[in-house]
Every structure is written in C-alpha cells, then in structure tokens.
Amino acid sequence: MAVPGGFANTRSVLSIHPVRNGIISIHRQTRSQEELFSRSLTCPLRVKTAWEVEAAVDKNYYNTRGMNGRSVNNGGCSFCGTRNVRQQSGCGCQNNNGDSLLRKIQEIDFAIYETVLYLDVYPCSSEALAYYHTLICEKEALAKEYESKIGPISAFGNRDRSSWNWVKKPWPWEYSAN
Amino acid sequence: MWVYEKKLQFPVKIKNPDAHAASVIISQLGGPDGELAASMRYLNQRYSMPYGEVIGILTDVGTEELAHLEIVGAILYQLTKGLPEDEIAKSPLAQYFVDHTAGIYPASAAGVPFDMKYVGIKGDTLADLNEDLAAEQKARVTYDNILRLVDDPDIKEPIKYLREREIVHYQRFGDAIRITQDNLDSKNFYAFNPSFDLGCNANVFKRQG
C-alpha cells in the first residue's frame, strides 16, 4: 500500500545495456532490448533507460563529443572496428597483450552489476533475472579464459600451479594494466 | 566478507600527469561527498534496515563505491606519477606534497583529512535513505564541478563514468524508499521508522507467507 507523499512515482531506471555494445556505450540500449524489459516486468514501474535520463540531464557530456574530444565515429571504434563502440585511447583494441579480454570482462561485469542493483529493488522481474543468468554464464567462460591466459582476477583464481602470479602481474592502477 | 578483484571497474589511462587536476579530484577520495564516505555510509547503515531489498541495495552500492574509490585512487596515482618537482611547487598540490609526497591519502580538496562526521547513520530507515539520496546528488554535483575544472579527456572519461553512476544509484535508492513506504501501515501516515511500526512488520510477515 502506498503512503501519501514520497517516492511512489519515482521514475525508475533500467540501465542494463547489451554487452557487445561495450563499456563505452554503457547507456545506449538497443530498442528491442528496452522493449523486452518494459513488456515483461511484472513490477508496477515505468522503465526508462539511464541513457534517456542522462540525455535529459546533460546532452553535452555524452552526445556531441566522442572520446578524446574527437567527433564520434559512427562507423565504430577506429582501433578495433567494433561497431557501436566509440573510439578512445584506452579501449585496449590497439594492444594484443590480452587487454581486450580484460575489457570484455569489465564490460560484462558492469552489465552484471547493473542487473544486480536492479534486481535488488525489483526482485520480481523474471526478465532481469533471466538476463542475469545469461550474463554470469558468459562471465564464467570469460573469467576462465582470462585466468588461464593472463592471470588471476582474484587471489582465489591463481590457476598456474608453478607460479604465484597474483603478485607478479601489474596492479589495476598502473597505466599498463589498463 | 569481501574478495578483491584485480581490475578497475572502468579503465583509467592518463598519459600526462597534472598536479592541478589531482588537487581537486582528491576530494572524491576523502572529501565530504567522496567515494570513501559513500561506501562507509551505505555499508554501515545496513544493520538497522528491516527489508531484504533495502539491505541488498545498500550492500551492493556500498561495495561498488569501494570500486569507485579505487578508480579515483588510480586517477590520482597516474596524475602524480613522474610529476616534476617544479610543477608541484607552483601548483596547489604543494601543500599536500609536503605531508604525503605522492602517496594517496584520503582528504578533501581543501586538505581536510577524511572524517566520519561526513556520514549520517541514524538507525531510521527513512532518515538514512533520504541521507543516501542527498549524498548521491552531492557526489554528482562534485563530479560536475570537477568536469568544469579539468580539460584532459583522459581524465574526464572516468570522471564522467563515476558521475553517471551517482545518477543510477540515486534511482535505486528512490526505489528503496518506495519499497519502504509500500511496506508501512497506511495508518503510519508520517512514515515513522518501520523497525518500530508493528503494522508494517505484520505486512512483511504476511508477504513472506
């Protein structure tokens, strides 16, 4: 039962993004996905993408300029050619030392975290729950690949039996680790 | 418990050190509306919350704020790495440098060390959630101000990301207040502390079957 006043009409934000659009376009949700969510949500809520809120809050930060102040290249990232990804200096595609795998994990972890926050307050959303399970499935495979090729993500994941790589690889705040 | 993951939530790759930028961005490490204050606020507010949904969002947002603390730390680390002494001397970072060198010490841009006085924990669901909503907006404004003071796109990208997160967290805390009010007894017109609202707790038990 709603109590007078307060946040009964709070505009809710569903900012889950398609994983392949990448961390750079985090709030650019495809139309079909947005519709999928708004149709299936059983909670009484008004779905809005965070991108829509953002655009209303401040168009200048996001819509007119690409990364590094260059105009947005609609053909995709100039480094890796991935469509729907804005170019940026640290996208990782320019390196071949496994950074792009790290970027994929960062992207999917972001999507998982967004879904987790959403599910915390909309636990009856079966669609969000299904999306969550798709994501963690994909994450498990990526994490396995990363830990065998590059190094442990957490101290529980040192897969190399002959070396304690946890302390050998660069730490996240290093330029080279990004 | 918590387990550390050895990666940033959002990449930080700053090519040019910048003492002026570091001297203002440090406020989001240990300032009144910084990431450390945010994390301490949410994680310590959890214990008096009566609903699983609200405890869940405080846990997960509080944890994400720790990831943001590390992003701000990485920005500061890269901004001060290899900075020539003469550049430090003529920047506002000189006063920080004399005490902390290039160490990362949680303080505000004005040099005030981090203080739990920034954080409100009242033990009252609605008081605490309203504090959280205000905190997210204040952090968002601080990021807006940083974006006004900084030019380098390498610095601005992670700052813009952090600013966006404040907006999303604000929405989630709004949802948490809605959940709380939905659980209150309708006779509890002024939405008193649900921990002491017997009718409200009866509703929760009914809901849980």
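Only this structure's heavy atoms are used, side chains among them; waters, hydrogens and symmetry mates stay out. Here is how names work: the chains are called A, B, and so on, in the same order as the sequence lines, proteins then strands, and each is numbered from 1.
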Trainee: Counting only heavy atoms not in A:K149, do more than 12 fall under 6.0 Å of its NZ?
Mentor: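 No.
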Trainee: B:V61 versus chain A, heavy atoms under 4.5 Å apart: side chain, backbone, both or neither?
Mentor: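 Looking at B:V61, backbone and side chain both touch chain A.
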Trainee: Could you check if a side-chain atom of B:Q78 sits within less than 4.5 angstrom of a side-chain atom of A:N178, using non-hydrogen atoms only?
Mentor: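 When only atoms from C-beta onward are counted, A:N178 and B:Q78 do touch, with a gap below 4.5 Å.
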Trainee: Set out, in order, the CA-CA distance, both residues' side-chain angles and the distance that settles side chain to side chain donor-acceptor pair (under 3.5 Å) for B:Y77 and A:E174, then state yes or no.
Mentor: CA-CA 8 Å; B:Y77 169 79; A:E174 301 283 351; 3.2 Å; yes
Trainee: Tell me, side chain or backbone of B:I14 under 4.5 Å from chain A's heavy atoms, or both, or neither?
Mentor: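 The backbone, not the side chain.
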Trainee: Applying side chain to side chain contact (heavy atoms under 4.5 Å, CB included) to B:Q9 and A:D109, what does each step give before you reach the verdict?
Mentor: CA-CA 8 Å; B:Q9 197 191 24; A:D109 277 355; over 6 Å; no
Trainee: With a cut-off of 3.5 Å and sequence neighbours excluded, list every side-chain donor-acceptor pair involving residues 35-43 of chain B.
Mentor:
{"residue": "B:E35", "atom": "OE2", "partner": "B:Y143", "partner atom": "OH", "Å": "2.5"}
{"residue": "B:S39", "atom": "OG", "partner": "B:G62", "partner atom": "O", "Å": "2.9"}
{"residue": "B:R41", "atom": "NE", "partner": "B:E131", "partner atom": "OE2", "Å": "2.8"}
{"residue": "B:R41", "atom": "NH2", "partner": "B:Y118", "partner atom": "O", "Å": "3.3"}
{"residue": "B:Y42", "atom": "OH", "partner": "B:E136", "partner atom": "OE2", "Å": "2.6"}

Trainee: Are A:I153 and B:K6 close enough that some pair of their side-chain heavy atoms sits under 4.5 Å apart?
Mentor: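 Not in contact.
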Trainee: So, do B:E70 and A:W173 sit near enough that their side-chain heavy atoms are less than 4.5 Å apart?
Mentor: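 The answer is yes, as the side chains (C-beta and beyond) meet within the 4.5 Å cut-off.
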Trainee: Indicate yes or no: at least one non-hydrogen side-chain atom of A:Q106 is less than 4.5 angstrom from one of B:L8.
Mentor: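 Result yes, sub-4.5 Å side-chain heavy-atom pair found.
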Trainee: Looking only at non-hydrogen atoms, find the nearest pair between A:S154 and B:Y4 and report the distance.
Mentor: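 For A:S154 versus B:Y4, the nearest heavy atoms are CB-O, 3.3 Å.
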Trainee: Taking the six-membered ring of A:Y175, is the NZ or CZ of B:K13 close enough (under 6.0 Å from the centre) and on axis enough (within 45°)?
Mentor: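 Yes, cation above the ring, under 6.0 Å and within 45°.
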Trainee: Could you tell me which non-hydrogen atom of A:Y113 sits nearest to which non-hydrogen atom of B:T63, and how far apart they are?
Mentor: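 So the minimum-distance heavy-atom pair works out to OH-CB, 3.4 Å.
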Trainee: Identify, with sequence neighbours excluded, every residue that meets side chain to side chain contact (heavy atoms under 4.5 Å, CB included) alongside B:A102.
Mentor: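 Checked B:A102 against side chain to side chain contact (heavy atoms under 4.5 Å, CB included); matches are B:T80.
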Trainee: Would you say the side chain of B:F173 lies within less than 4.5 Å of the side chain of A:V121, judging by non-hydrogen atoms?
Mentor: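 Result no, sub-4.5 Å side-chain heavy-atom pair not found.
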Trainee: Could you pull out the closest heavy-atom pair between A:L117 and B:R165, with the gap in Å?
Mentor: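 Result for this residue pair: CD1-NH2, 3.7 Å.
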Trainee: Might you confirm whether atom OH of A:Y132 has over 12 heavy atoms from other residues, nucleotides or ligands at distances under 6.0 Å?
Mentor: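 It does not: A:Y132 OH has 12 such atoms or fewer within range.
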Trainee: Please examine the side chains of B:R172 and A:D120, heavy atoms only from C-beta on, and report whether any two atoms are closer than 4.5 Å.
Mentor: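 In short, these two side chains do not touch, never coming nearer than 4.5 Å.
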Trainee: For atom CG of B:D99, is the number of surrounding heavy atoms from other residues, nucleotides or ligands below 6.0 Å larger than 12?
Mentor: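 It does: B:D99 CG has more than 12 such atoms within range.
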Trainee: With rounding to the nearest 0.5 Å, note down the distance linking NZ in B:K7 to OH in A:Y146.
Mentor: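 Between B:K7 NZ and A:Y146 OH, I get 9.0 Å after rounding to 0.5 Å.
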